[in-house]
Every structure is written in structure tokens, then in C-alpha cells.
Number of protein chains: 2
Amino acid sequence: MSTPGRVRGNYAKTPERRREILEASIEVFSTSGFRSGSLRDIAERVGMSQAGLLHHFANKGELLAAVLRLRDDRAEEFVPIRGADGLATITGFVNLVEHNATVPGLVELHCVLSAEATDPSHPAHAYFVDRYHWVVRDLTRAFEDMRDKGQLAPDVDPASAARAITAFSDGIQVQWLLDRTSVDMAEEMRRFLRPLVTVEI
Amino acid sequence: MSTPGRVRGNYAKTPERRREILEASIEVFSTSGFRSGSLRDIAERVGMSQAGLLHHFANKGELLAAVLRLRDDRAEEFVPIRGADGLATITGFVNLVEHNATVPGLVELHCVLSAEATDPSHPAHAYFVDRYHWVVRDLTRAFEDMRDKGQLAPDVDPASAARAITAFSDGIQVQWLLDRTSVDMAEEMRRFLRPLVTVEI
DNA sequence: GTCTATACATCGATAGAC
DNA sequence: GTCTATCGATGTATAGAC
């Protein structure tokens with residue numbers, strides 16, 4: 001009954017199992033990083049052997065790629081990055097930060113992997129270089145739209161504001177991870193944005 | 001002639017050798033992190049065996065502690081954190097960021113280790129929790145001093161400004177590490193600070 | 001002070017039975 | 001689809017010669 005004779009494309013595998021593995025991978029990679037996190041640890045969390053896990057993902061690098069893809073899907077479904085309204089993008093960004101406080105695992109994953117991946121030989125290096133490029137680009141466009149609508153404070157450069165909000169967001173996450181009781185990420189983020197805009201945020 | 005009979009305190013060892021090892025450790029830990037960085041790799045860089053290295057530092061954790069201590073010494077010798085003048089502290093902080101652009105190894109070390117150490121079981125976890133506490137505290141005092149002297153823009157909360165400049169600094173370093181050609185850390189930092197203060201920065 | 005040798009753990013990946 | 005068994009590489013740390 002397993003792997004039925006029906007020749008259907010290539011691998012239907014079991015999507016649920018893959019999903020479980022990805023969730024466990026997030027847990028492990030977020031606390032131990034990619035290089036130190038082990039396949040055995042991940043496999044144990046879903047109750048299978050390490051060899052069994054490698055039936056679903058050919059190797060460790062492929063698993064990492066799938067984790068990053070899953071992470072992006074979730075973030076994008078939360079932030080309306082596309083769409084003409086710049087203000088909506090920025091408030092969506094703040095909402096994402098607020099939401100992130102409820103999923104510490106994903107925050108850890110981002111912080112740990114992005115730092116690890118600054119090494120050019122890291123398998124996710126290109127991914128993160130690329131990701132920051134389009135994040136800053138999209139946010140720049142959002143601030144440009146706000147500027148054109150008079151929603152930006154004078155002397156605020158859209159590109160610098162985009163870099164700044166991205167940097168602030170990353171940094172405040174590290175502080176929050178190190179001491180979750182005394183840091184309110186979303187509140188600090190709004191306080192940071194307020195001097196830059198002329199509208200309620 | 002080695003380890004002479006003179007009983008003098010405990011270990012004079014060879015400070016120069018220790019220094020070499022610490023430099024190599026910074027290189028390795030900054031690119032591979034603490035958990036993935038290996039003693040063998042460090043030892044090779046100073047031209048000795050891994051066992052030889054462990055003559056100078058009892059174990060890997062002790063080596064990490066020494067690296068962090070060295071890092072702090074260098075930063076503190078650069079920023080006048082102590083001293084009544086808040087503005088001097090803040091400009092010193094900007095100068096440190098400017099200086100950091102010339103020592104990418106130390107920037108990497110900070111980014112990688114601070115992210116890795118968000119895990120409570122990491123050997124440097126307590127160190128980083130502690131460090132952020134007093135960094136934010138000292139910067140808060142600096143901004144308070146500026147406020148009292150009318151150097152702070154109205155509606156700027158010193159504590160939030162302290163968190164913000166710290167977060168911004170950490171985040172911009174990650175972006176810089178991922179793409180050093182298109183990010184000017186010090187310039188972005190000044191642009192970030194300008195709306196917060198009433199003086200030239 | 002530095003080395004070789006080694007003990008012992010753990011890693012990713014593969015082979016092959018069921 | 002999942003397992004056991006195993007290979008070869010690599011990790012930290014220790015023992016003991018020089």
C-alpha cells in the first residue's frame with residue numbers, strides 16, 4: 001500500500017510528514033543554528049530515525065532551503081508588501097513585529113540564521129543577501145509613496161528610512177530574545193517610527 | 001628552562017602566545033560561531049597542535065570567555081562611556097561604529113555570538129544578557145544628560161532612544177556584513193540620530 | 001610548552017532489509 | 001516509508017613522552 005504502483009509525477013511523499021519535519025527543524029535550527037543543529041535531533045522530535053528523515057529531504061541543505069521557504073510564506077501572508085499603498089506596507093510591517101512576539105521560534109530562527117549566514121560560505125548566504133535587498137527595496141518604495149502623499153516628515157530619505165526600520169527591527173529582536181520581559185518590540189518600533197512620519201502610526 | 005622552578009603566583013604562561021591564540025579565536029568564532037568553530041582550526045592558525053592550545057586555555061568555554069573579555073576591553077578603550085558628558089558618550093558610540101567598519105572580524109564576532117547566545121543554554125548567554133543591560137543603561141544616562149542640557153529633541157524618551165540606538169547599531173551591522181559595498185554604517189547611524197537631537201552630530 | 005597518540009562522542013550520509 | 005547498521009569525517013579532551 002505504500003508508494004503505490006501508480007506512477008504519478010515523481011514524489012507525492014507525505015506532505016503532513018514533511019510539514020512535521022519542517023516544524024521540528026525550525027525548533028532545532030532556531031536554537032542551535034544550521035551548522036550545529038543536527039538531523040538526529042530533528043528526527044527524534046518527530047519520532048523517527050535520522051535515516052528515515054533523509055527519505056523526505058535528500059540532505060541537510062535541502063531541509064534548510066525548505067525551512068526558509070516556509071518562513072517566507074508565513075511572513076508574506078502577514079505583510080501586504082505588494083500593493084500601491086505605502087502606509088499600509090509600513091503598518092503591516094509593524095503588525096508583523098507585533099505578531100512575531102507570539103512566535104519566538106521564528107524570531108530566533110531569523111536572528112540566528114541571518115547572523116550565521118553573514119559568512120559567505122554558509123549555504124544560506126545568497127538567500128539572505130538577496131532577501132535584504134528586496135526587503136529594503138520594497139520598504140524604500142513604501143516610504144517613497146508616503147513622501148509623495150506628504151506622510152513623511154521633511155528631510156527623511158526613503159532609502160535611509162528603509163534601511164533604518166529594517167536594522168531597528170533586527171536589532172530589537174535580539175534584545176527581545178535576550179530579555180523578553182523588559183522589551184516590547186512593537187511599542188518600541190512605533191516610537192521609532194513616529195518622528196519619521198506625519199501621520200498616526 | 002620551561003616552567004621554571006620559581007614559584008611565582010600561578011601561571012605566567014606566555015602572554016604573547018595567549019594573545020596570538022585569542023586573535024585566531026576571533027577569526028574562527030566570528031565566521032563559524034562558537035559551537036561550530038573548532039579548536040583545531042584555531043590551533044592551526046597559530047601553528048600549533050590542538051592539544052598544545054589546550055595548555056593555554058583549559059577548555060573551549062574558557063577560551064570564549066577570554067575572547068569576550070578582550071573584545072570588551074577594546075570597545076571600552078574606544079568609547080568614553082564613563083564621564084559626565086552624555087553627548088561625548090553618544091558621539092563616541094558613533095565613532096565606534098565608524099571604527100568597526102575597519103575591523104569586520106570583530107563585527108562578525110558580535111553579530112554571530114549575540115545571536116547564538118540568545119539560546120539560554122549557550123555558554124555566553126548570561127554574558128550577553130548582562131552586557132545589553134548595562135549598555136542600554138549607560139546610553140540611557142547619556143541621553144538623560146543630553147535632555148537636561150536641552151540637546152534632545154522634544155518627546156524623545158531617553159530609555160527608548162537608548163534601546164533604539166543599540167538595536168539600530170546591531171541591525172545595521174548585519175546588513176553591512178551581508179553587503180559591505182552598499183552600506184555606510186556610520187553615515188546611516190548619524191542620519192538615524194539627527195532627528196533625535198538638537199545639536200550637530 | 002609542545003607534541004603524538006588516543007579515547008570517546010557525534011555528525012551527515014549511504015546500503016540494504018522489511 | 002521507515003528501520004538498523006555502518007562508514008568516514010570531525011569534534012573535545014586527556015595521558016604521557018620529550
Side-chain angles (χ1 to χ4, degrees), chain A residues 1-22 24-25 27-29 31-67 116 119 121-124, chain B residues 1-22 24-25 27-29 31-67 116 119 121-124:
Chain A
M1 203 68 83
S2 55
T3 17
R6 283 176 125 276
V7 189
R8 34 124 66 226
N10 213 335
Y11 19 71
K13 297 278 168 84
T14 51
E16 317 85 34
R17 213 80 174 99
R18 280 177 63 104
R19 197 52 180 242
E20 288 174 36
I21 294 172
L22 289 177
S25 300
E27 290 178 25
V28 171
F29 289 158
T31 62
S32 303
F34 171 68
R35 293 203 249 233
S36 290
S38 80
L39 297 181
R40 268 181 178 86
D41 189 357
I42 296 168
E44 273 171 21
R45 286 169 197 248
V46 297
M48 72 191 307
S49 74
Q50 176 243 357
L53 188 156
L54 284 176
H55 172 75
H56 298 274
F57 297 90
N59 54 49
K60 202 185 179 189
E62 202 173 279
L63 181 56
L64 174 63
V67 164
E116 205 180 24
D119 177 5
S121 77
H122 193 283
Chain B
M1 202 67 83
S2 55
T3 17
R6 283 178 124 277
V7 188
R8 34 128 63 228
N10 213 336
Y11 20 68
K13 298 274 166 82
T14 51
E16 318 84 35
R17 215 78 174 100
R18 281 178 62 105
R19 200 49 181 243
E20 289 175 37
I21 293 171
L22 289 177
S25 301
E27 290 178 24
V28 172
F29 289 157
T31 62
S32 303
F34 170 69
R35 293 203 249 233
S36 290
S38 80
L39 297 181
R40 249 186 261 277
D41 189 356
I42 296 168
E44 273 170 21
R45 287 169 196 246
V46 296
M48 73 189 308
S49 73
Q50 176 243 359
L53 187 155
L54 284 174
H55 172 76
H56 297 274
F57 298 90
N59 53 51
K60 202 185 180 188
E62 201 172 280
L63 180 56
L64 174 63
V67 164
E116 205 179 24
D119 177 4
S121 76
H122 192 282

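Naming: A, B, ... by sequence-line order, numbering from 1 per chain.
Inter-axis angle, ends of the helix from C:dG1-D:dC18 to C:dC18-D:dG1, five pairs per end, rounded to 10 degrees: 0°.
The CD atom of A:E62 sits 14 Å away from the C1' atom of C:dG12 (whole-angstrom rounding). Protein atom NE2 of A:H55 is 16 Å distant from nucleotide atom P of D:dT4, rounded to whole Å. Here the C1' atom of nucleotide C:dG1 and the CZ atom of B:R18 are 14 Å apart, to the nearest Å. B:K60 has its NZ atom 5 Å from the P atom of D:dT12, to the nearest Å.
Salt bridge present: A:R17 and A:E20 bring a charged side-chain N and a carboxylate O closer than 4.0 Å.
Among pairs with a residue in residues 55-66 of chain B, none fulfils salt bridge (Lys or Arg N to Asp or Glu O under 4.0 Å), at least two apart in sequence or across chains.
Taking the side chain of B:H56 as heavy atoms from C-beta on, and the options C:dG1, D:dG1, C:dG12, the nearest nucleotide is C:dG1. Closest contact between the side chain of B:R17 and the listed nucleotides C:dT2, D:dT4, D:dA13 involves C:dT2.
Scored by the side-chain hydrogen bond (donor to acceptor under 3.5 Å, both in side chains) test, B:E27 finds B:R45 as partners (sequence neighbours excluded). The side-chain hydrogen bond (donor to acceptor under 3.5 Å, both in side chains) test applied to B:S36 returns A:S36, not counting sequence neighbours.
Remark: B:G37, B:S38, B:L39, B:R40 in residues 37-46 of chain B come within less than 4.0 Å of DNA chain D through at least one heavy atom.
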Can you give me the N/O atom pairs linking the protein to nucleotides 14-18 of chain D at distances under 3.5 Å, or say none if there are none?
none

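The shortest distance between side-chain heavy atoms of A:L64 and A:P123 falls below 4.5 Å.
Phosphate proximity of D:dC3 to A:S49: present, with a side-chain N or O under 4.0 Å from OP1 or OP2.
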